[in-house]
Number of protein chains: 2
Amino acid sequence: MTVTIRDVAKRAGVSIATVSRVLNQSKPVSEELRNRILQAVEETGYLPNAVARSMIRKQTGLIGVIIPEISNPYFSGLVQGIETVAKQNQYYLMLAVSEKEPGRERELLRIYQARQMDGIILASARLDPELRQALEKLAVPYVVIGQRLTGLNAPCAVLDNRRAAFEAVSHLIRMGHREIGMVSGPMWDLASGKERYQGFRDALEEAGLPFRTEWVTEREGFHLHDGYEGMKVILGAPERPTAVFCACDRMAVGALRRLEERGIPVPEEMALVGFDDEELASIVKPRLTTVRHSPFDMGLKAAGLLMEILKGLPLTDGTCALVKHDLVIRESSSLSLSPRP
Amino acid sequence: MTVTIRDVAKRAGVSIATVSRVLNQSKPVSEELRNRILQAVEETGYLPNAVARSMIRKQTGLIGVIIPEISNPYFSGLVQGIETVAKQNQYYLMLAVSEKEPGRERELLRIYQARQMDGIILASARLDPELRQALEKLAVPYVVIGQRLTGLNAPCAVLDNRRAAFEAVSHLIRMGHREIGMVSGPMWDLASGKERYQGFRDALEEAGLPFRTEWVTEREGFHLHDGYEGMKVILGAPERPTAVFCACDRMAVGALRRLEERGIPVPEEMALVGFDDEELASIVKPRLTTVRHSPFDMGLKAAGLLMEILKGLPLTDGTCALVKHDLVIRESSSLSLSPRP
DNA sequence: GTGAAAGCGCTAACAC
DNA sequence: GTGTTAGCGCTTTCAC
């Protein structure tokens, strides 16, 4: 049925070893035999079986990628970045989505290991103890995206969420705001939830501003709807803050919706800051002040780290690539409450 | 180094065949041996090598996916759909991105075949003759997403772009518009470019409306920017249409930008219709009338077809899954120029 | 029930 | 330079 190296060898009147040598250019072969072999390959339409090859070489040339979801610009950006590096290095990608199934990540790690991935890249929001344990006994080199794994000295690519959130809120403070609320993401998401929340508190603290619980709300997700509901909660407080920091752009847009409904003008009566600088952020009216960072870059960096590991380059324990961020100031926060200092 | 089936067999004091039988439940094994083996597996942390298994079984349980780009909600939606079906059927995904490298798809088809994919799903906008040729000699079952391959009787999952565009433009006509322009995508994209353009012309023709070349512009891509420039061109004409159909939402949003700059109110002086119903469409002001369809569904259907093929179910030649669409009427076209008939 | 042995398609010693 | 051969780790006859 399918043509194998034997068929090619027979047709060219040589041994299979010689065919292999030509195909892999692993050893010199005489001009004449080489031509006969190449011709036989041509005629038979022979395509080497990569599975058999992987088995011997003990490398598959495959990288396993695990992400929580794909229809989310953040994760698809990551994948794009990873794919770019993989392609440059002649690696191919396996992709699996882990969301909505507890324990799926652990299962996927096992499967990827059984499938002999050369490396694994894991982007998970919920790095619980079981998952850490699974990582510890993982026999495949891996890189984590999105958060540092304290304890494990796993290489990772991360954003300084806390610092970025701090800067975003500090910007509001510089604009004269002293009453600032936050629509936060869930705390189990260490990176986009907890760290951004901490950055918010850091900024208040540094400025000596009070933390008012009624102006802070933790949502269950990061969607438009969560922002909408979050703003509803905040507006339900007896007093109203003059600015609100949202854990991501979609939430900020949701919050904006609610403000519109209530007829509260942004930024005149309420300044708003988001996070991520999705395409959304500059399309909405008023355009959103937000923290720009590049998931694509993150993917690039993570895959870059993995490539170094696979090349056998010695990485310092716990090497982490820090991905840069920038505050992008737009209309939603551009009005000073008082003259700048 | 790595523990193999031999190690397990030795430790349990049985032959490797028996270990295999227990692990695959392929033949009955006595309670006692089974327990010893399971224990040995446990103790050694043995994980069967899926590559070796694939080699013998001549199936990898892998399906190869090829898409032009990933950071685009349409394609990531597709992948999400494919992944869902794959997971249900215990298949895993390889993913490769083909854009910006001519001939890359053909190369990927070869690579996927060499890597013994059980099936392939191809989403390509540019199905040129070379690619068709490559598909003809492909020895792996495959499904195409996005367009019918006339000639090849390849299974596919498609949207009726022409019909949907026809309906969108007919809606404008019903709203009283008689002077309608279009910002079109590139014609080499048969589905989102050519077919939508044809639907536009069909609608004009059916209504007996004139086709004015100065109100129609073909762009090179499907981005915001293309829509912006497209509207610029149309507004440059001596007269101005009262409505414009855009080949996709992003282009419509770009067009909107231009109209805003020129101070032309939508829908009062210019109605606008998009296509795709991206999240964008209902966030922008005014909210966009558009054609809704589900890339996720399309991925589901395509993968579903592939699963049937892999199960050996006989498919009628050229079976195509048609994915449904709906016109979603929103503010951008909600003003009648004249009373409805 | 269980084990020995024959491969799957290929690469890499090892001989000549 | 080239061919022979021994596996890679596993499943699956085929005997017992």
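Residue numbers start from 1 in every chain, and the chains themselves are labelled A, B, ... in the order their sequence lines are given, proteins ahead of strands. Because the structure is predicted, anything quoted here is derived from the model rather than measured.
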Interatomic distance, B/Arg34 CZ vs C/dT2 C1' [rounded to whole Å]: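 That distance rounds to 14 Å.
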Gap between atoms CD and C1', on B/Gln25 and D/dT12 respectively (whole Å):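 Rounded to whole Å, this separation is 17 Å.
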Which part of the nucleic acid, if any, lies within reach of A/Val51 when heavy atoms closer than 4.0 Å are counted: base, sugar-phosphate only, or nothing?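 Touches nothing.
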Its contact letters, B for base, S for sugar-phosphate only and - for none at protein heavy atoms under 4.0 Å, make nucleotides 7-16 of chain C read BBBBBBBB--
Can you name the residues that form a salt bridge (charged side-chain N to carboxylate O under 4.0 Å, His left out) with B/Arg148, not counting sequence neighbours?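 Once residues adjacent in sequence are excluded, B/Arg148 has no partner under the salt bridge (charged side-chain N to carboxylate O under 4.0 Å, His left out) criterion.
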Are side-chain N/O atoms of B/Glu105 and B/Ser124 paired as donor and acceptor at under 3.5 Å?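 Present: a donor and an acceptor within the cut-off.
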For B/Thr18 and for A/Pro28, locate the closest nucleotide of DNA chain D by heavy-atom distance; then report the residue assigned to the nucleotide nearer the 5' terminus.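 Mapping each residue to its closest nucleotide by heavy atoms, the 5'-most match is A/Pro28.
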Would you say the side-chain atoms of A/Asn49 pair up with the backbone N or O of A/Val51, donor to acceptor, closer than 3.5 Å?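 Side chain of A/Asn49 to backbone of A/Val51: a pair is present.
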Would you confirm whether A/Tyr92, through its side chain, and B/Ile111, through its main-chain N or O, come within 3.5 Å as a donor-acceptor pair?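 Answer holds: no.
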Return the OH to CD1 distance between B/Tyr74 and B/Ile145, rounded to the nearest 0.5 Å.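 B/Tyr74 OH to B/Ile145 CD1: 6.5 Å, rounded to 0.5 Å.
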Would you say A/Ser30 places a side-chain N or O within less than 4.0 Å of OP1 or OP2 belonging to D/dT2?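 Result: yes.
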Any carboxylate oxygen within less than 4.0 angstrom of a Lys/Arg side-chain nitrogen, looking at A/Glu31 and A/Arg34?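 No salt bridge links A/Glu31 with A/Arg34.
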